[in-house]
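In what follows, residues are counted from 1 in the order of the sequence shown. Heavy-atom basis, side chains included; hydrogens, waters and symmetry copies ignored.
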Amino acid sequence: MEDAYAKSVAEVLEAFGVDRTKGLTDTQVEQHARLYGKNVLPQEESTPFWKLVLKQFDDLLVKILIAAAVISFLLARMNGETGLSAFLEPSVIFMILAANAAVGVITETNAEKALEELRAYQADIATVLRNGCFSILPATELVPGDIVEVGVGCKVPADMRMVEMLSHQLRVDQAILTGESCSVAKELESTSAMNAVYQDKTNILFSGTVVVAGRARAVVIGVGSNTAMGSIRDAMLRTEDEATPLKKKLDEFGTFLAKVIAGICILVWVVNIGHFRDPSHGGFVRGAIHYFKVAVALAVAAIPEGLPAVVTTCLALGTKRMARLNAIVRSLPSVETLGCTTVICSDKTGTLTTNMMSVSKVCVVRSVHQRPMTDEYSISGTTFAPEGFIYDAGGLQLEFPPQSPSLLHLAMCSALCNESTLQFNPDKKCYEKIGESTEVALRVLVEKVGLPGFDSMPSALNMLTKHERASYCNRYWENQFRKISILEFSPDRKMMSVLCSRKQQEIMFSKGAPESIMARCTHILCNDDGSSVPLTMDIRNELEARFQSFAGKDTLRCLALALKRMPPGQQSISYADEANLTFIGLVGMLDPPREEVRDAIHSCMSAGIRVIVVTGDNKSTAESLCRQIGAFEHLDDFAGYSYTASEFEGLPPLERTNALQRMVLFSRVEPSHKKMLVEALQTHNEVVAMTGDGVNDAPALKKADIGIAMGSGTAVAKSASDMVLADDNFATIVAAVAEGRAIYNNTKQFIRYMISSNIGEVVCIFVAAVLGMPDTLIPVQLLWVNLVTDGLPATAIGFNKPDGNIMTVKPRKVNEAVVSGWLFFRYLVIGAYVGLATIAGFVWWFVYSENGPGLPYSELVNFDSCSARQTSYPCSIFEDRHPSTVSMTVLVVVEMFNALNNLSENQSLLVIHPWSNLWLVGSIILTMLLHVAVLYIEPLAALFSVSPLSWAEWKIVLYLSFPVSTGSTLLVMPFN
């Protein structure tokens, strides 16, 4: 029943054919169960494991690698190769792909946990009226029309319409659904609001929310998927995961690279058709197979096999650094998404604020004989910790607050007229509340005021343990006074009172809405001398003005406190006693902004990132917070910058587009609005980060480019998110954005490094094939270079220090290519040099080396006809391992120098020294040690078809390799 909130109790009961005094009959229960279904969230079929695994191989580059591995194995078998040599190359490729697939499967299985954890918010049991009798039944057996009774601590078992109030009030904590910072009072009357959101439906109890005060009965109007919780589940199911910007760019690059590879491989094979019949191959077919192997080697050379592993490793290293910043990354690819975030949609409660209601201002009457008649105090401290100071209107700290009579009685009343508990949690190392936030705020105020009696009290309190300190002053007043009778809060009176006794003297303390308390006051307590004087119209007007200032301009939640001396021996109080009260003071409280948020907002503005505050709270409260944190800085008029959800939905399409571009505050929202906002921003090519902590935030967290959950939030929100803030702090997001930008820059650098290295390998093989030279490098050598000698430095490049201006530049555009324009030309030139240097080393050994055969160049490029000609040298010289060893070593060493070129994108080695990244220096040393081991340890040398090098050969390797550094420096000059 979708419009139950707009119907009267009688209309709702009639719609379900139920008697409120008897409940449903067994026959009706069966009918309704068939008609509406069970009260459970349906189990969604998860993706089979084998499908998840296959999905990881649905990539063009991966398919080319698999094809290359299979073909390589078949060709090896056709050539009669057996054992390790036949399996080495395919095995290495498949191991890389398997590792990459494992990361992908783990990431995807995490995403499905959010739907499972949503079930945890369903109640287990319910007290139900059926056939005229109450019974406790499993909540899954509820059907629409059931009459259910709820009380304090109950988890609401289904969506229900209030039908009867069994106490003065019923208050429900529905923060997991709406994000409201305070519990909500429920009522019986129907709601006439147009386009009502969850917050407007004050007569509806929502499934999964918790009753915090009172008792009531309600009729079930929705079960299972037809509840507010069910709609969240449906929204999560409809939300498809989006590929991250880097993933999209890598996919585009992969497709481009695949086409280029295919073209070059075909070209090499076609160009060499004339060589198929060369005698060295032993026939046309064998010649075709030989050049097919060359084409396969070219494919292996062109594909950076280590790229997926290096990207994953770099992102994983980034997550470790982020964890130290209290940002726990759940999805590796999301790390770099932070780098191009253009909009942060931040939840207000608990993220921008502490989610700990605190008293920030107190107003008392100083004296009736001087102006101004009132004193105003401000209180520091923004958490539940009993730490903070009280300052007068001049900003001076009060050394002994209890010496002020009004503050002393304010503390008494706050401690005694209170049903909450403040305690220290040693596991979480923080102070926690039990009960209403407003009452806990008063408890904390009592601790900040302290106790009367001796001057050393402030320092004495600091000597207590945190457990003792939590409620030390509150316990003192509770021990001094004995509670005799309580008048609970009721919506009509808007106040509560408690009768206390101390030394044969009875006093009634009252607290409540300022308008209710002041209307019942006839006297005021003076702060100057502690005297009680009549409340005149002048004093009343001044107090009214202060109240309007607190509630209006400062948007504080206000309470007034009062007392009344009662006749000795009185044992009970009634509503009639709540008259002729003595006014003590007015307290203003708020959910305070975190101290570091203002600077974080400014950092976002400097970095070109827009912050939109998204909250379920009302517009005026949210606007006040935005003023305090600097989101509305330089704005006098908030029109066009602040919208409620209903206002935004009512805008014409063009105005809505304009609103999206200017919006700073989005208030009075429900879950569907958050997801709608994310989708609308994404259609305007914004990269959106969304924060949240409640079940209501899960669909938007899943839809956002990067969903950020709070560490103290619900399991559902965490499971739907990409990142979790351990400290619930907005400033941590800004620090994570800076880290994300640095990670992307480093990722971009090592991708470019690997690509330039692979271009070198392609140039080497292509030029050698076109010129008709023997194989300069074989596939297993290329794999060694791509995985080890390229992989280690590439990973170390991930440790490059971030640029100093990283948070003063605008976010990169989503469609920005990883390599483009001048940079592409730069890396093409470097890659071409790498390839030509590798071939030069090969040619040098044959033509110029003292240890080589000293062949003319023409003999080298006609090697395939050697057996058909009369030569002065044996044809077996072309099978010598020395020339390919020189080529491979040149390739390795030149890429070590090339790695040093990637310390920065736009700065050369003349500006940034190698030791700025010691990890890179270490990886280069380790790579060279591994390469030397391959050359000089016989089993490895045989496996990779290499041989030891002489000092003369090492010198030519260095001569050919070093110029890449100076050449790259010259190519970087245009940026400096």
* Assess whether side chain to side chain contact (heavy atoms under 4.5 Å, CB included) is satisfied between Asn326 and Asn729, documenting all intermediate values. => CA-CA 9 Å; Asn326 288 315; Asn729 197 332; over 6 Å; no
* Can Thr555 and Ser624 be said to form a side chain to side chain donor-acceptor pair (under 3.5 Å), step by step? -> CA-CA 6 Å; Thr555 61; Ser624 173; 2.5 Å; yes
* Step by step, work out the side chain to side chain contact (heavy atoms under 4.5 Å, CB included) result for Thr383 and Cys430. => CA-CA 9 Å; Thr383 67; Cys430 66; over 6 Å; no
* To do: Kindly indicate, with the supporting measurements, whether the criterion side chain to side chain contact (heavy atoms under 4.5 Å, CB included) is fulfilled by Val184 and Gln199.
  => CA-CA 9 Å; Val184 178; Gln199 294 91 325; over 6 Å; no
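For the residue pair Thr732/Asp727, the side-chain donor-acceptor check at 3.5 Å is satisfied.
At a threshold of 4.5 Å between non-hydrogen side-chain atoms, the residues Met357 and Lys433 do not count as touching. The shortest distance between side-chain heavy atoms of Val197 and Ser646 does not fall below 4.5 Å. Between Ser360 and Leu556 the shortest side-chain heavy-atom distance falls below 4.5 Å. Side-chain contact between Lys674 and Asp347 is present, with heavy atoms from C-beta onward closer than 4.5 Å. The side-chain heavy atoms of Ile708 and Met690, taken from C-beta on, include no pair separated by under 4.5 Å. You'll find the side chain of Met676 stays beyond 4.5 Å of the side chain of Val669, heavy atoms only. You'll find the side chain of Met807 reaches within 4.5 Å of the side chain of Val737, heavy atoms only. Put simply, the side chain of Arg161 reaches to within 4.5 Å of the side chain of Ser190, judged on heavy atoms.
More than 12 heavy-atom neighbours from other residues, nucleotides or ligands sit within 6.0 angstrom of CZ on Arg594.
Taken to the nearest 0.5 Å, the CG atom of Asp591 stands 10.5 Å off from the OG1 atom of Thr621. Distance check, rounded to the nearest 0.5 Å: CD of Gln548 to CG of Asp554 gives 12.0 Å. Taken to the nearest 0.5 Å, the CG atom of Leu352 stands 11.5 Å off from the CG atom of Asp728. Rounded to the nearest 0.5 angstrom, Tyr641 OH and Leu665 CG are separated by 13.5 Å. Separation of atoms CZ (Phe730) and CD1 (Ile344) is listed at 4.5 Å; rounding is to 0.5 Å. Note that OG1 of Thr438 is 13.0 Å distant from CG of Leu590, once rounded to the nearest 0.5 Å.
In terms of modelled atom types and a separation under 3.5 Å, the side chain of Asp159 and the main chain of Ile204 share no donor-acceptor contact. In this structure, Thr353 contributes its side chain and Lys348 its backbone to a donor-acceptor pair below 3.5 Å. In this structure, the side chain of Glu647 engages the main chain of Thr644 through a donor-acceptor pair within 3.5 Å. Formation of a donor-acceptor pair under 3.5 Å by the Glu739 side chain with backbone atoms of Ala327 is not found in this model. Proximity of a side-chain donor or acceptor of Arg171 to a complementary backbone N or O of Glu436 within less than 3.5 Å is not detected. A distance-only check finds no donor-acceptor pair linking the side chain of Ser620 to the backbone of Asn618 [under 3.5 Å]. Distance alone, capped at 3.5 Å, places no donor-acceptor pair between the Asn203 side chain and the Glu187 backbone.
Contact detail for Ser721 and Val724: the closest heavy-atom pair is OG-CG2, 3.8 Å. The two atoms that bring Ala158 and Gly222 nearest to each other are CB-O, 3.4 Å, heavy atoms only. Closest of all the heavy-atom pairs between Leu701 and Gly692 is CD2-N, 3.8 Å. Across all their heavy atoms, Ile328 and Ala726 have their closest contact at CD1-CB, 4.0 Å. Heavy atoms only, all atoms of each residue included: Ala704 and Asp722 are closest at O-OD2, 4.5 Å. Of all non-hydrogen atoms in Leu338 and Gly740, the two that sit nearest each other are CB-CA, 4.1 Å.
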Could you list the donor-acceptor pairs under 3.5 angstrom formed between side-chain atoms of residues 604-614 and any protein atom two or more places apart in sequence or on another chain?
residue, atom, partner, partner atom, Å
Ser606, OG, His602, O, 3.1
Arg610, NH1, Leu660, O, 2.9
Arg610, NH1, Met663, O, 3.0
Arg610, NH2, Leu660, O, 2.7

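Figure legend: Arg656 and Phe648 shown as a cation-pi pair, the cationic atom lying under 6.0 angstrom from the six-membered ring centre and within 45 degrees of its axis.
Partner of Ser207 under the side chain to side chain contact (heavy atoms under 4.5 Å, CB included) criterion, chosen from Thr227, Asn226, Val223: Thr227.
With ring centers used as reference points, Phe632 lies under 6.0 Å from Phe638.
Among residues at least two apart or in separate chains, there is no ring-ring contact (aromatic ring centres under 6.0 Å, His included) pair with a member in residues 672-694.
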